[in-house]
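Take a look at the structure set out below.
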Amino acid sequence: MTLKHISAGETIIEEGQALECFWYISSGSIEALFPCGSITLEKGDIIGICDFDKDSHFLSYKALTDCSIIPYGSPEVLLRTKFFGEHPDNRIRLALTMNRFIRKLLNKYTITYRSCKELYEFLLSSHTSYRKLCEQLHIVIKELPGIETVEPLDESFVPSIWHTAYYTGLHNIFANKSLTPTLHENHFVPGYLYHAMNDIHILLHKFQALYDYAGRLSYLLLNENRLDLFDLYTGMYYRIGMQNPNSSAIANAIEAICSHAQNKPGISEELTRSRIAEYHTQIENMKKNADSAASGNSQPNYSMTADLADATGIILEYAGCSNEVASNFKNALAAYKKLTDKNATSQEAMKLRRTLTDTFYQIYTAAFHASLQDTNISPILKMFFNFGFVDAELCGMDSACFLYENAGHYAGSPEHGIYTIYEWLKAVYDGEKEPSINELDVDFEKHVLTLKSEGNITAEAAQKMLEDNLQKVAFELENMFPRGCKITSGRPSVYCPVLSEHQFIRKPEDALLYPDQIIKQIDAIREADYTVFARKSLTVLSEKENIHDFFNVEILPDIILMPVVGMRGAMWQEIVGRSRLTPARMMLPIFQLEDLEKIMIRMVGEYRWEMCKRVQGARWNDVTDPSLTSLYYDFLQFYRKNPELSTDTKDKIKTGLQKCKANFKEYFLTDYMTYIMFESKGSPHLVKNARAILFSQCPLSAAYRQKLSTNPIYQELLEAHGRSVAERCKKLDNLSKKLVAKGEEVPDSLRDEVAFTRK
């Protein structure tokens, strides 16, 4: 046997690599890595033993120290009875190394479970304490998105005492040399190896679930988007100052959060250091300001301008609403401002939000119509139109001042298809854009024709409506606008369109979306999934010779920034009217609280699904006509009967369907996000069938395919895509030759299609 020397830090085997040989560790120590942790293997252990009957390695292995390993034969050899018969001592060696592995894993699992349980209890108690402190200090309670869905670990995750005792007892049996002949005679070891291997993989899958669970909890503690417990406590501390009697308790809670955030899944060390350093810097600044104030040199904060002080009056006067509407709005606004918990679900709070919402939209509609005759809209009105601002005290003075300073120059980027809501409504009024469909998928034209067919209006009145841009804007304001705001807020049950301080889990300057951020995310998705916005268009290459073909045309979506603080995107419609060569319409909250990358990828994935259904029509789930939707439908509908899928894979699919409540579209959206965020970068996360469907229907661009070319998992998919590209290029080449033979010039559209095919 050839001894192989490995340097410290060197990766020996990658997860997913084909299992061609086991390796015996003759010296040094090696780390066996799985998604949620690792265990250490030492001299006498065997690399890969946990995948005794598998085709590939489930774990990765990395040298902790300089070490030496010896090839120990392929799995096929070890599975032969002859091997065990000729080398009976190896039976006990294999049994002992398998036993050491699973006992280490069981110990690690117990520690991980206790850590998750402790984290859950800390998170809930800290959040409860935060809300009590806010009530005690009479300050606005800010919500922690996701806390309401957090649940304790299921009983099935509780570590089994008998499981550990069982493997400890077996270790004693294997180590007892007097029992060795009995074990050999009864061929106990091979069966034990199979049993232990299955137990190990069950544990590893539980580890993955624990890791995901800990990641969700950790995200609520500390995350890059600042939608976390750390931000809630530090914000409260900054607000009350260091002299308040409760400051010490809050500071201790912040330190406890920092401690629990250490080495948790999904929280990088760099992020933790950065946020803690930022906190300590702020504390130092607070101390300096206190010292400065004590010496009489303090500087005043923002002062409330006359406009901000009377913002509600300015907006109501501009809109010209009736006294009744203005009075109702003012009264509802005053009552809303007095609510300690503005997200309360009591009947009184819900009724108040409904009143405020209804009157807000009445005022918005009236103000928009008034603005059509105004060439110089004031900053207060721009704040109202684009941000939903109505009151400086409710919004918070610092936030109101920031918005006031930026309202004058904040704008979308219509040339890139990105609009503020005011720009969008103005584009509809100017006839540049048609109104959107309503929540029943009915567009403006169909709405008017329905009114005519039901006898509500005459044919003449219907024709006038179809040509009246004010009627089109009214349709948009009544349908898409309120519904889109509610969806993008992400919390429809407690939604209120009025901009309020409690909605800002992070500062407005950090949450405010700018067009360049959106463009960057769209370009990143297009860079990977290069056909995502491509539509097939009949292109005539020569009228004389009747030569034509369907070429790809890229049509980027229109994105409308809704005047809300939110955490969701909405894919509103995939085309406009009947033409498939019109832009899709998507919506984002203008103040984005969630990770923009995830929001955009999910929204684009939804567009992928809906556009496929649109193109396929009634055959969207007919697998005899392969498409994204039909292939996914067939895969998920019949996965239980698929003989190619292992039991583990079927369990994984079952769990995924349970999470999305058996909604195939939701399952696809989760897979699409994984495909773009991980699979495209060479990190396998999907089941084989899902990967194959996505790779065939949403192929990755050449740059990404090149990076994946060294990974055997993608080899078959890359080859299939290569054949498809070659076949398409050959057809296009024949078209080019045909044109040349007929004395026709090769148009740029044909060259562009060739370039797109090879992209």
Side-chain angles (χ1 to χ4, degrees), residues 1 3 12-13 19-34 37-54 57-59 61 64-65 67-113 159-207:
M1 295 186 181
L3 190 69
I12 304 166
I13 291 170
L19 205 167
E20 298 171 346
C21 180
F22 294 117
W23 294 86
Y24 177 81
I25 303 172
S26 64
S27 67
S29 57
I30 290 170
E31 189 176 25
L33 299 149
F34 43 96
S38 65
I39 59 173
T40 302
L41 305 182
E42 296 167 334
K43 181 180 179 180
D45 288 327
I46 297 174
I47 297 174
I49 193 66
C50 63
D51 297 311
F52 182 72
D53 190 33
K54 303 289 184 181
H57 287 278
F58 193 81
L59 311 182
Y61 298 89
L64 287 174
T65 65
C67 56
S68 300
I69 58 176
I70 301 171
Y72 203 69
S74 66
E76 291 80 4
V77 171
L78 292 183
L79 288 171
R80 293 176 193 160
T81 306
K82 185 178 178 182
F83 173 84
F84 289 106
E86 292 181 355
H87 308 280
D89 290 343
N90 282 313
R91 296 185 184 185
I92 301 303
R93 181 179 294 171
L94 287 172
L96 284 169
T97 190
M98 180 74 88
N99 191 274
R100 281 196 299 273
F101 190 101
I102 195 168
R103 283 189 294 120
K104 288 179 180 179
L105 200 62
L106 282 166
N107 183 57
K108 187 81 173 183
Y109 179 83
T110 301
I111 294 170
T112 305
Y113 171 82
S160 171
I161 298 174
W162 71 262
H163 212 177
T164 302
Y166 168 73
Y167 280 102
T168 301
L170 283 175
H171 169 77
N172 296 332
I173 292 172
F174 294 139
N176 189 336
K177 293 185 179 181
S178 65
L179 296 176
T180 300
T182 303
L183 295 173
H184 289 339
E185 289 170 9
N186 291 284
H187 300 285
F188 176 80
V189 172
Y192 166 74
L193 294 176
Y194 280 110
H195 178 76
M197 179 199 67
N198 287 330
D199 277 354
I200 286 172
H201 279 265
I202 289 170
L203 267 179
L204 289 172
H205 283 298
K206 282 191 172 184
F207 259 119

Residues at least two apart in sequence or cross-chain that pass ring-ring contact (aromatic ring centres under 6.0 Å, His included) with H205, listed by chain then number, are F58
Closest non-hydrogen contact found for E31 with S38 is OE2-OG, 2.7 Å
Is any side-chain heavy atom of L105 closer than 4.5 Å to one of F34? yes
task = For the residue pair H171 and L96, establish whether any side-chain heavy-atom pair is separated by less than 4.5 Å.
result = yes
> Do the side chains of W23 and I70 get nearer than 4.5 Å, heavy atoms only?
Replying inline: no
Between the OH atom in Y113 and the NZ atom in K206, the distance rounded to the nearest 0.5 Å is 10.0 Å
- Query: Less than 6.0 Å separating the ring centroids of H163 and Y167?
  - Reply: yes
Query - Backbone N/O of P159 and side chain of T110: donor-acceptor pair under 3.5 Å - result: no
Side chain to side chain donor-acceptor pair (under 3.5 Å) filter on S160, not counting sequence neighbours, yields W162
Exercise. Side chains of S29 and E42: is there a donor and an acceptor less than 3.5 Å apart?
Worked result: no
When every non-hydrogen atom of S27 is compared with those of C67, the smallest separation belongs to O-CB, 2.9 Å
Smallest heavy-atom separation, G44 atom then T97 atom, equals O-OG1, 3.9 Å
CD1 (I200) and NZ (K104) are apart, to the nearest 0.5 Å, by 12.0 Å
CG of L203 to OH of Y109, rounded to nearest 0.5 Å, is 7.0 Å
Query - Close side-chain approach of Y192 to M98, heavy-atom, < 4.5 Å - result: yes
Task: Chi angles and distances behind the side chain to side chain contact (heavy atoms under 4.5 Å, CB included) call for L204, L59 - done: CA-CA 10 Å; L204 289 172; L59 311 182; 3.9 Å; yes
So T164 and R103, do their side chains get closer than 4.5 Å, heavy atoms only? no
Practice prompt. Indicate yes or no for a side-chain donor-acceptor contact from T65 to the backbone of G28 under 3.5 Å, with no hydrogens or angles considered.
Written response: no
Distance col, row I102:CD1 vs T168:OG1, nearest 0.5 angstrom, shows 10.5 Å
dist I49:CD1 -> N99:CG (nearest 0.5 Å) comes out at 11.5 Å
Tell me, do I47 and Y72 make a side-chain contact under 4.5 Å, heavy atoms counted?
-> no
Closest non-hydrogen contact found for Y61 with G48 is OH-N, 3.4 Å
Closest non-hydrogen atoms of I46 and F22, given as atom of the first, atom of the second and distance, are CG2-CB, 3.7 Å
Distance col, row H57:NE2 vs D51:CG, nearest 0.5 angstrom, shows 7.0 Å
Below 4.5 Å, heavy atoms only, C-beta onward: do D45 and I30 meet side chain to side chain? no
Sorted by chain and residue number, the side chain to side chain donor-acceptor pair (under 3.5 Å) partners of T40 (sequence neighbours excluded) come out as none
Is there side-chain contact between I69 and I12, with at least one heavy-atom pair below 4.5 Å? yes
